[in-house]
Amino acid sequence: MRVTVSLIKADVGSVAGHVRVPEELLDIAEEELVKAKENNVITDYYVFNCGDDLELLMTHTKGVDSSEIHGLAWNTFKKCADEAKKMKLYGAGQDLLKEAFSGNIRGMGPGIAEMEFEERPSEPIIVFACDKTEPAAFNLPIFSIFADPFNTAGLVIDPKLHDGFKFEVLDIKEHKKIILSCPEEMYDLLALIGTRRYVIKRVYRKKDNEIAAVVSTEKLSQIAGHYVGKDDPVAIVRAQSGFPAAGEVLEPFAFPHLVAGWMRGSHMGPLIPVAEYDARPTRFDGPPRVVALGFVVSNGELIGPEDLFDDPAFDRARRTANILANYMRRHGPFEPHRLPEEDMEYTTLPEVLKKLEGRFEPA
Ligand code: F6R
Ligand code: MG
Ligand code: MG
């Protein structure tokens, strides 16, 4: 059977600043999705949070970009935002940037990762959700999973993976896209995705064009024109028999690489892999974090989740991340802890700098 997996997320309010979605909002989202399941709009769902972001994972048979599914997500976020406003939660309704829903949730604030596939005899998927970072945070791990033989043993030893994968890359500044094929165009791919301007949107298996991964790439600051919290991307990755093994999908996160988005969306910091319970960014509003939930999609039903970073094998990555966090924090307001000047344009910094304009003299 053909199944669509839709992961749609938004920050609609949190406690005590931008730390965590409270149970009250998770309950409302749960009520909305259980109704949708009873009415056969969706096949199954899982509601969770990563920090202050409310995550709606849904399976259904309506394909990607379904107005019914997007409408369901939008109305669910709206209901949660209304309650958040009543409760005077922090940042209530923050990511709902537009008023009226007109058939597609793209460009309205929430982040979206969706894929449709023919369900395999067993269909393991891993769902990632981040807080306090941006879509480019997935470039390094997604590249490692699907193109780095030092990460993914299957690229070398499994004939089903040996042909490699194709990467759809977005230029988030010029709104263009390009498809690059690995291993033969690996250096070209790296030339692009080593910068934060180019982000991996989708990955396909080369030999049959099967969808392998999808990342949400919505940029809140571009939609709103100013800083409104971070994009906090999500991703869906298919695993096993012809795709990288679950352990190969998780392996890149054992290296807590530096990403943008910490404190006021203006700082670089390490991406910490955490269990669902620890997805509550506190120190300096962070550091940025990522959760990984494993499911098997079974006739469209979601079996799981398995909380995949809830494993002592990731303790070392967490320890390293904390050492890195200390190191980065010592830079205070200096780059490269603080983001480069062009990224600061979207923040409140230009207001501060305006005051100094008249005081500059020719030098
Ligand atoms: C939110 C975030 C936070 C806020 C910070 C200031 O995603 O990253 O670091 O930017 O807490 O928030 P305001 O300006 O709302 O007080
Ligand atoms: Mg927030
Ligand atoms: Mg967030």
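Order of appearance sets the numbers: ligands from 1, and atoms from 1 within every ligand. Just so you know, these numbers come straight off a predicted model, no measurement behind them.
Nearest to the Mg ion (ligand 2), among the N, O or S atoms that Asp11 has, is OD2. Among the heteroatoms counted here (N, O or S) of His18, ND1 is the one nearest to the Mg ion (ligand 2). Residue-level check: among N/O/S atoms of Asp52, OD1 sits closest to the Mg ion (ligand 3). If you look at Asp232 and ask which of its N, O or S atoms sits nearest the Mg ion (ligand 3), the answer is OD2.
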For residues 276-287, tabulate all N or O donor-acceptor pairs below 3.5 Å that involve a side-chain atom, not counting sequence neighbours.
{"from": "Glu276", "atom 1": "OE1", "to": "Tyr46", "atom 2": "OH", "distance (Å)": "3.2"}
{"from": "Glu276", "atom 1": "OE2", "to": "Tyr46", "atom 2": "OH", "distance (Å)": "3.3"}
{"from": "Arg283", "atom 1": "NH1", "to": "Asn326", "atom 2": "OD1", "distance (Å)": "2.9"}
{"from": "Arg283", "atom 1": "NH2", "to": "Asn326", "atom 2": "OD1", "distance (Å)": "2.9"}

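Close approach to Lys132 involves these atoms of ligand 1, each under 4.0 Å from a residue heavy atom: 7 (O), 8 (O). Contact atoms of ligand 1 toward Met263: 9 (O) (distance under 4.0 Å to a heavy atom of the residue).
In this structure the side chain of Ile179 never reaches within 4.5 angstrom of the side chain of Lys177, judged on heavy atoms. Contact annotation: the side chain of Pro340 approaches that of Arg196 to within less than 4.5 Å [non-hydrogen atoms, C-beta and beyond]. The closest side-chain heavy-atom distance from Val3 to Thr43 is not below 4.5 Å.
With hydrogens and angles disregarded, a donor-acceptor distance shorter than 3.5 Å links the side chain of Thr4 to the backbone of Gly63.
The aromatic rings of Phe253 and Phe138 sit perpendicular to each other, their planes meeting at more than 60°, with 30° as the lower class boundary. Using cut-offs of 30° and 60° for the angle between ring planes, the Tyr90 and His18 rings count as perpendicular.
In terms of polar-atom proximity, Asp232 is not counted as a contact of ligand 1, lacking any N or O under 3.5 Å from an N or O of the ligand.
In this structure, atom 12 (O) of ligand 1 lies nearest to the protein heavy atom His18 NE2, 3.5 Å. At the shortest separation from atom 2 (C) of ligand 1 among protein heavy atoms lies Tyr227 OH, 3.6 Å. The protein non-hydrogen atom at the shortest distance from atom 9 (O) of ligand 1 is Asp285 OD2, 2.6 Å.
Here the angle at the Mg ion (ligand 3) defined by OD2 in Asp53 and OD1 in Asp131 stands at 80°, rounded to 10 degrees.
Using a 4.0 Å heavy-atom cutoff, Tyr90 is listed among the residues neighbouring ligand 1.
Of the candidates Lys132, Lys9, Lys230, Lys132 is the only one forming a salt bridge (Lys or Arg N to Asp or Glu O under 4.0 Å) with Asp52. Of the options Asp231, Asp95, Asp232, a salt bridge (Lys or Arg N to Asp or Glu O under 4.0 Å) to Lys219 is made by Asp231 and by none of the others.
Both the backbone and the side chain of Arg264 come within 4.0 Å of ligand 1, counting heavy atoms alone.
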